[in-house]
Amino acid sequence: MIPVPGITLTGQATIHGAALFAPLSLSLDAGQWTCLLGGSGVGKSTLLRLICGLPTGAEFTGDIRASDGGDVSSRVAYMAQDDLLMPWATVSQNILLGAALRGDPRDHGRLAQILDRVGLTDHAAKKPSALSGGQRQRVALARTLMEDKPVILLDEPFSALDAQTRAAMQDLSAEVLRGKTVLIVTHDPIEAARLGDNIQIMSAEGLMDVTPPTGPIPRPVTSLDVLKTQADLLTRLRKVPT
Amino acid sequence: MSRWIAAVLSTGVALALWQTIVTVADLPRFILPGPILVAETWWSHRWIIAEHTLVTASEVVLGLLIGISLGIVTAIQLASSRAARVVVQPILVFTQALPVFALAPILTLWLGFGLWSKIAMAVLIIYFPVTSAFLDGLMRTPQGYLDLARTMQGHPMRILWHIRIPAALPSLASGVRLAAVYAPIGAIIGEWVGASRGLGYLMLLANGRAKTDLMFAAMLTLGVFSILLHLLVGYLTRNLGKTD
């Protein structure tokens, strides 16, 4: 297995001279899930896009480094709220997209393994339009896994799903992404309470570290500790000036 | 199916109205021949009309194939190079500001009275809509796809091939459908300016000899040909925009 680095982002961002977020420092511990929680427009997605090396429209001053000193943006895989499946390509072709775009040989053995892991073997030859929202998001997860990167960045990946599908996707993701360094941006307190080894609330003033519930992720929704953390997070979110 | 019945019905009503006006107003046949006379003339001249239709059809089809190919190649070239866009786009817009009709005599002078001056007219008239529709599609790739491709460290040419071109095919399809409507216009204008064969030539010839019934027969043949071409192109491009 590829050694998994931690990631540290330190700095501030402005849009047309106005501060988007104040100087802050975000650490993603190696092999852990970090949940970044906050209202809309506080710059959560900007932070995630900066780590991906994607254009943001904001001006960032600071630096982003990996704990092993290596390059960051070449070692991340990205998954967004929109599944971003190519409607003209089959499930398999979508999962193999990265290899096609780089001109790498397609690894059909690994594809079969991953399809099996996310429960899509029977759907491999279908087009995305033939799938449900939850299945499509599983294809997106499979495509992320196929990239085999040590750092996974998830931008509100489950927010368009219904509650029971979302919970199932959280379980599946926690299982298949175990051991990777994961940043998940969300505005759902229960998602943060279930999945965060670290939980950070982001606001215009910076980051606030919140103690996560006990136990390994994905934590059960029935756990009293998880529900208490959810309530605590929602209370804090409502106090954050917007 | 009801669409077809409606089309047949409305055509029937229009033809009946046409014949009624001609009969009631007692119009001379060189001013407005009735549909029955036009049909008779069409039947008695069917071989001549067929011969000229074949000429026009080859001009249109060749013009379409060449114009669409050039449009596709240009759009891809422009999409893959910002410098090319900056240099070429103003020229493209300027050539479009020129009325293509004004170029017809020059094209005839350069390329002669044969097929090629008409093909060139058709190409000129469809090149811009195809290029601009396809280029527009290529430049509007959903940002999410491009972000994803970027995090995958995709090669620009491979991103073009695997994402931008497939995502732009519906735009290309609308450009091609537009081209199928324009191409016969280009060929007919070319024939009007100077030709010895083709439906445009036949219409001009019949008009000059006050054979208005033959002119109508040729014109209606052109209309039917254009509709068939439109349907054929619509059928051929139906899968370009489909996603399932």
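With hydrogens and angles disregarded, no donor-acceptor distance shorter than 3.5 Å links the side chain of R164(B) to the backbone of T141(B). Here the side chain of T181(A) pairs a donor or acceptor atom with the backbone of P5(A) at under 3.5 angstrom. No donor-acceptor pair closer than 3.5 Å links the side chain of E191(B) to the backbone N or O of K118(B).
Ranking P55(A), S73(A), A77(A), A89(A) against chain B, the residue ahead of the rest is P55(A), based on heavy-atom pairs under 4.5 Å.
Of all residues spanning residues 57-65 of chain A, none has a heavy atom less than 4.5 Å away from chain B's heavy atoms.
The side chain to side chain donor-acceptor pair (under 3.5 Å) search around D71(A) returns S74(A), not counting sequence neighbours.
Salt-bridge formation is detected for the pair E147(A)/R102(A): a Lys NZ or Arg NE/NH1/NH2 atom is positioned less than 4.0 Å from an Asp or Glu carboxylate oxygen. Under a 4.0 Å N-O distance rule, the pair D147(B)/R49(A) qualifies as a salt bridge.
Side-chain contact check for D136(B) and S171(B): no donor-acceptor pair (N or O, by modelled atom type) lies under 3.5 Å.
A 6.0 Å sphere centred on CZ of F225(B) holds more than 12 heavy atoms belonging to other residues, nucleotides or ligands.
If you measure heavy-atom distances from A80(A) to chain B, you find no contacts under 4.5 Å at all. The part of L85(A) that comes within reach of chain B is its backbone (N, CA, C, O), which places non-hydrogen atoms under 4.5 angstrom from that chain. For I163(B), the parts sitting under 4.5 Å from any heavy atom of chain A are the backbone and the side chain alike.
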